[in-house]
Each structure stands twice: as structure tokens, then as C-alpha cells.
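Inspection log for the structure reproduced underneath, given as C-alpha cells.
So you know, we letter chains A, B, ... as the sequences are listed, proteins then strands, and number each from 1.
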2 protein chains.
Amino acid sequence: MTTRRDAVHDTLRGSSGFRSAQDVYAEMRLHGAKIGLTTVYRALQALADGGKVDVLRTDEGESVYRACATDAHHHHLVCRKCGRTVEVAGPAVERWAEMVGSEHGFTEITHTVEVFGTCSSCSTPSRTV
Amino acid sequence: MTTRRDAVHDTLRGSSGFRSAQDVYAEMRLHGAKIGLTTVYRALQALADGGKVDVLRTDEGESVYRACATDAHHHHLVCRKCGRTVEVAGPAVERWAEMVGSEHGFTEITHTVEVFGTCSSCSTPSRTV
DNA sequence: CGCCAAAATGAAAACGGTTGTCAAAGTCTC
DNA sequence: GAGACTTTGACAACCGTTTTCATTTTGGCG
């Protein structure tokens, strides 16, 4: 019963960056997979629940998923142009979040950190904004 | 011609935490304001563009807005239960983001940091929602 | 003051991603 | 093979947001 879920996971692992659910669905169909959009969504959610993949919200409100290279907590550095993603660990940030939270009496602290930038390949001195 | 936009801004300032567009709209109507949903959205966007308000995406993908107390760059510590928000400055995080980015050859680095937790008032062990 | 043009407004429809529904198909156990 | 339970997927419903477009308001100018 996890065959389709595995297929989704595999597709995700075959990609380098974040993919949207629709994106994953489209690719799977292209490769001949017989799967429905609904199932892709469900698989992605299950995967995310199990910590198998990362979930991120784009600025447009779309959920994007990515198979993590590591199980450990980490953040992402995403190129805003080409979408290239680098996983980064940030012990300093973890501590900072904890500290800031407890300083204000907050408990069960979680945090979201995303760093966006323009990667070297995309920052060639062309006339782009 | 910014009267309605000001009204939206005022409503936002009269609130303590983040409000969704629909929320703001509902409140304005309650108070008798003659304004359309569309206009609220447009005003909110204009305000956000001008840096007058903060925009955040909730986990559900909804955009929430808040009148900033300060113009300076800052982050938010949000209670996941009551929505109480504290503005926090994090020089350490700014530096960390810059460092991580440049370490990987990224430029024009921006970052999103949100810290969620349960505030002291909401963390009473028994009487929870 | 009256008139035209540009900007703003708002009701409703369109949109896009996501989630729910529900019947059909698959799986497992006995 | 039968029966019970789970998973699947086509499709519709949802929901927040954006677009459309006709109408209203505002501002400038003769």
C-alpha cells in the first residue's frame, strides 16, 4: 500500500530542488505513472508528516516539497533565480530562537528560517534586476 | 485618494497581532465602513509594498498583515495559540544569514525568520483548548 | 462651474492550489 | 474464493486571492 507513496518519494529524490505537488504529479504522469493528483497530495503529506521530506511555502502560497538529504534539522538557502538549494545547518540560529522565545516566556519553540539570495551562477553582471 | 487605504491602515494599527485580509475586511464592515473586499486586498498590498505593514504567510497559506511598530528590520515571535506577537530584533540572525549566504557564493541575501511558540498565558498545563 | 480624463472602487466571476467525497479497485486474511 | 478493510483517483467543493469591468470619485483645466 505504500507503492505509490514510494513512487512519489522516488520522484522527489530524483529532483534537485523543491518541487510543487502539481509538478511532481506532472512529472510522474510524463514518466507513465498511473497516479492521481489526490494521491500525490496525500503521499506528500504523509511523507512530510513522517519527516521524510521538507515542506516550504513559496511566496505565492504554494507548498513545495523536497526530499531531505539529512534527517537532522536544517534550513535552506535558496537561489531566487534558479531555485538551486543548499541545505545549511545553523546551530547559532537554533540557539537564538530558543533564547528569544524563552526570554519572552514562550515554550515549545519552533522556527522557520529561509534564506534567499542570488547564487553565483545567476549573479553574473548582466543587466538584470 | 488614500482615504480607504488609511482606513485599512488604521484598522490594522488598532489590532495587536496579525490579521488576515478577510479579517480586516470583516472588522471594517462591522464598524460600518463601506468598503469592498477587493479594496482591502489592494490597500493591504499597497501598504506592504510601501513597507508600512508586515506580511506573513501562515502555515495554511493565508497572508496575514500587521502594522509594524518600527520601520527597522525585525522578526516575529508568535504564540501559536493566542496569536500574540512580539517583535524581536536578531542581529545575530542577520549576520548568520549573510554569512551562510556569502559562504555559498550567494548575493543579495534576504531571509525569512519566524519563531513560533506557546506563550506563558497559553502554556498552563491543564486548561488548554 | 462644468467637463473630461485618470485613478479608485467594488460586486461578481475567474483562478489556482488544495482538500473532501465517494464509489471502484486493490490487498490481506482466513 | 469470500469478506472486510484500505487505498486510489476522478471530480467537485473550497477558500483565499486576483482579475474583470462597469461605475463612481477625484483632480485639473478651460
Side-chain angles (χ1 to χ4, degrees), chain A residues 1-12 15 17-67 78 80 83 112 114, chain B residues 1-12 15 17-67 76 78 80 83 85 112 114:
Chain A
M1 22 196 119
T2 56
T3 57
R4 251 135 298 229
R5 201 174 80 177
D6 280 343
V8 170
H9 197 181
D10 284 346
T11 300
L12 216 49
S15 312
F18 282 93
R19 312 284 306 269
S20 71
Q22 315 256 354
D23 208 16
V24 170
Y25 169 69
E27 177 172 332
M28 293 184 75
R29 296 299 293 240
L30 268 186
H31 289 214
K34 290 289 198 306
I35 192 170
L37 222 202
T38 314
T39 307
V40 173
Y41 272 103
R42 275 193 289 237
L44 250 16
Q45 277 167 355
L47 251 12
D49 278 353
K52 298 286 192 307
V53 303
D54 277 340
V55 192
L56 215 69
R57 284 269 180 179
T58 65
D59 283 350
E60 295 84 40
E62 193 178 19
S63 295
V64 287
Y65 305 82
R66 176 171 196 256
V78 185
R80 70 165 64 79
T112 305
E114 304 300 337
Chain B
M1 231 144 297
T2 55
T3 57
R4 251 137 298 230
R5 201 175 77 177
D6 280 342
V8 170
H9 197 182
D10 285 346
T11 300
L12 217 49
S15 313
F18 282 92
R19 312 284 307 268
S20 69
Q22 315 254 355
D23 210 13
V24 169
Y25 169 68
E27 177 173 332
M28 293 184 76
R29 297 299 293 240
L30 269 187
H31 289 213
K34 289 290 198 309
I35 192 170
L37 222 203
T38 314
T39 306
V40 172
Y41 271 105
R42 275 193 287 237
L44 250 16
Q45 277 167 355
L47 251 12
D49 278 352
K52 298 286 192 307
V53 303
D54 277 340
V55 192
L56 216 69
R57 283 270 181 179
T58 65
D59 282 349
E60 294 85 40
E62 194 178 22
S63 294
V64 287
Y65 305 82
R66 176 169 196 256
H76 298 106
V78 186
R80 71 164 63 81
T85 306
T112 304
E114 304 300 338

Legend entry - Verdict with reasoning, B:Leu12 to B:Tyr65, per side-chain contact (heavy atoms from CB on, under 4.5 Å): CA-CA 8 Å; B:Leu12 217 49; B:Tyr65 305 82; 3.9 Å; yes

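- Checked by distance alone, A:Arg42 brings no side-chain donor or acceptor within 3.5 Å of a matching partner on the base of C:dG20.
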Inset, instruction - Take A:Gln22 and A:Tyr41 through the test side-chain contact (heavy atoms from CB on, under 4.5 Å) and record every step on the way to the result. - result: CA-CA 8 Å; A:Gln22 315 256 354; A:Tyr41 272 103; 2.9 Å; yes

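- Counting distance only, with no hydrogens placed and no angle test, the side-chain atoms of B:Ser20 and the base atoms of D:dG16 include no donor-acceptor pair under 3.5 Å.
- In this structure, A:Gln45 reaches the C:dT19 phosphate: one of its side-chain N or O atoms is under 4.0 Å from OP1 or OP2.
- Between the CD atom of A:Glu62 and the P atom of D:dT17 there is a distance of 15 Å, given to the nearest Å.
- Between the CG atom of A:Leu37 and the P atom of D:dA10 there is a distance of 9 Å, given to the nearest Å.
- Rounded to an integer number of Å, the gap from B:Arg57 CZ to C:dG17 P is 13 Å.
- If you measure from atom CD of A:Glu60 to atom P of C:dT18, you get 11 Å, rounded to the nearest angstrom.
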Inset, instruction - Could you please spell out the steps behind the side-chain contact (heavy atoms from CB on, under 4.5 Å) verdict for A:Glu27 and A:Val24? - result: CA-CA 5 Å; A:Glu27 177 172 332; A:Val24 170; 5.9 Å; no

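- Put simply, OH on B:Tyr25 is 9 Å from P on C:dG10, counting in whole angstrom units.
- The residue A:Ser63 sits close only to the backbone: its heavy atoms come under 4.0 Å of sugar-phosphate atoms, none of a base.
- Shortest non-hydrogen contact noted between A:Val53 and A:Ala67 is CG1-CA, 4.1 Å.
- The side chain of A:Tyr41 places an N or O atom within less than 4.0 Å of a non-bridging phosphate oxygen (OP1 or OP2) of C:dT18.
- Of all nucleotides listed (C:dT19, C:dT9, D:dG9), C:dT9 comes nearest to the side chain of B:Thr39.
- Within the nucleic acid shown, A:Gln22 comes within 4.0 Å of at least one base atom, counting heavy atoms only.
- Looking at the side chain of B:Ile35, the nearest of the listed nucleotides C:dG10, D:dA10, C:dT18 is C:dG10.
- Atom CZ of A:Arg29 is separated from atom P of D:dT8 by 14 Å (rounded to the nearest Å).
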Inset, instruction - In sequence, state the C-alpha distance, the side-chain angles, and the governing distance for B:Ile35 and B:Val8, and then conclude on side-chain contact (heavy atoms from CB on, under 4.5 Å). - result: CA-CA 9 Å; B:Ile35 192 170; B:Val8 170; 4.0 Å; yes

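- Between the CZ atom of A:Arg19 and the P atom of C:dT18 there is a distance of 14 Å, rounded to whole Å.
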